[in-house]
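Contents: one structure, followed by commentary.
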Amino acid sequence: SAVISQKPSRDICQRGTSLTIQCQVDSQVTMMFWYRQQPGQSLTLIATANQGSEATYESGFVIDKFPISRPNLTFSTLTVSNMSPEDSSIYLCSVGQSGGKNIQYFGAGTRLSVL
Amino acid sequence: EDQVTQSPEALRLQEGESSSLNCSYTVSGLRGLFWYRQDPGKGPEFLFTLYSAGEEKEKERLKATLTKKESFLHITAPKPEDSATYLCAVQALGASKIIFGSGTRLSIRP
């Protein structure tokens, strides 16, 4: 399985500011995913990020609020823009395993608190 | 609409007391069903994937089974270190994304 590193691990931010979360993988992967996990809740997919193309956003998530970059096969960023307290959540990066098994492996997450 | 429902929401067991967690799903053609374990403050850790009805997978005290409508995660003689939230997820045919259930919080008392 891939080793996935997320930065920062946690942050406390002020309302109206933006935070960029980085996801680094130790091997080349085609598909990367960004999830949100609100307190006590399960995981909700924000978007799928494929290298060389625009990210595909799920219903309820828009590019202006959550811009994503995918400059190469080992790295992606998610920005949470113009934050409000409702954005307080854990943000998780995952990568899809190639070879047909479709297993996703997750980073440790970024715990974001917005004041 | 593809959907995953897990029960119970929370389960408290005594050490050594075996039990099962349920994952019911509706999906337009199943590509795979996944079980993850999530400890507080960490990302989900992959446990099993099941692809077809009748399939079973085992790992230490855990055994996952699959039917056409649901999956069970059986835990035999659990230990306190098995305490975690267990997440079930499904992937539909032709889809790249997986859909997660709300999880079962398992607590094992010594």
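Basis for what follows: all heavy atoms, side chains included, without hydrogens, waters or symmetry-related copies.
- Proximity to chain A at a heavy-atom threshold of 4.5 Å picks out B:G101, B:S102 from residues 101-110 of chain B, in numerical order.
- Heavy atoms closer than 4.5 Å to chain A are found in the side chain of B:L87, but not in its backbone.
- Linking Ile, Leu, Val, Met, Phe, Trp and Tyr residues whenever their side-chain heavy atoms come within less than 4.5 Å places B:L11 and B:L62 in a single cluster.
- Proximity to chain B (any heavy atom under 4.5 Å) is restricted, for A:Q37, to the side chain, taken from C-beta onward.
- Heavy atoms of other residues, nucleotides or ligands lying less than 6.0 angstrom from CZ of B:R61 number more than 12.
- Both A:F66 and A:L112 sit in one connected hydrophobic cluster of ILVMFWY residues. Membership requires side-chain heavy atoms under 4.5 Å apart, directly or through other members.
- Residues A:L19 and A:L78 share a single hydrophobic cluster, defined by chaining ILVMFWY side chains whose heavy atoms lie under 4.5 Å apart.
- Residues A:I103 and A:L43 share a hydrophobic cluster, clusters being chains of Ile/Leu/Val/Met/Phe/Trp/Tyr side chains in contact below 4.5 Å.
- Closest of all the heavy-atom pairs between B:F100 and A:S42 is CB-OG, 3.4 Å.
- Most heavy-atom pairs under 4.5 Å with chain B, from the set A:M31, A:E58, A:R10: that is A:E58.
- Surrounding CD of B:E9 are at most 12 heavy atoms belonging to other residues, nucleotides or ligands under 6.0 Å away.
- By the 6.0 Å contact criterion, NZ on B:K57 is enclosed, its count of non-hydrogen atoms from other residues, nucleotides or ligands being greater than 12.
- Residues A:L92 and B:G43 come closest through the heavy atom pair CD2-CA, 3.9 Å.
- Linking Ile, Leu, Val, Met, Phe, Trp and Tyr whenever their side-chain heavy atoms come within less than 4.5 Å leaves A:L45 and A:I68 in two separate clusters.
- Closest heavy-atom contact between A:R111 and B:G41: NH2-CA, 3.4 Å.
- Using a 4.5 Å cut-off between heavy atoms, B:Q38 contacts chain A through its side chain alone, with no backbone atom that close.
- Shown here for B:S96 and A:Q104, the closest heavy-atom pair between the two residues is O-NE2, 3.8 Å.
- When each of A:Y35, A:F106, A:Y105, A:F33 is scored by its heavy-atom pairs under 4.5 Å with chain B, the top score falls to A:F106.
- More than 12 heavy atoms of other residues, nucleotides or ligands lie within 6.0 Å of NZ in A:K65, so this atom counts as buried by the packing criterion.
- Applying the 6.0 Å contact sphere to CD of A:E54 captures no more than 12 heavy atoms from other residues, nucleotides or ligands.
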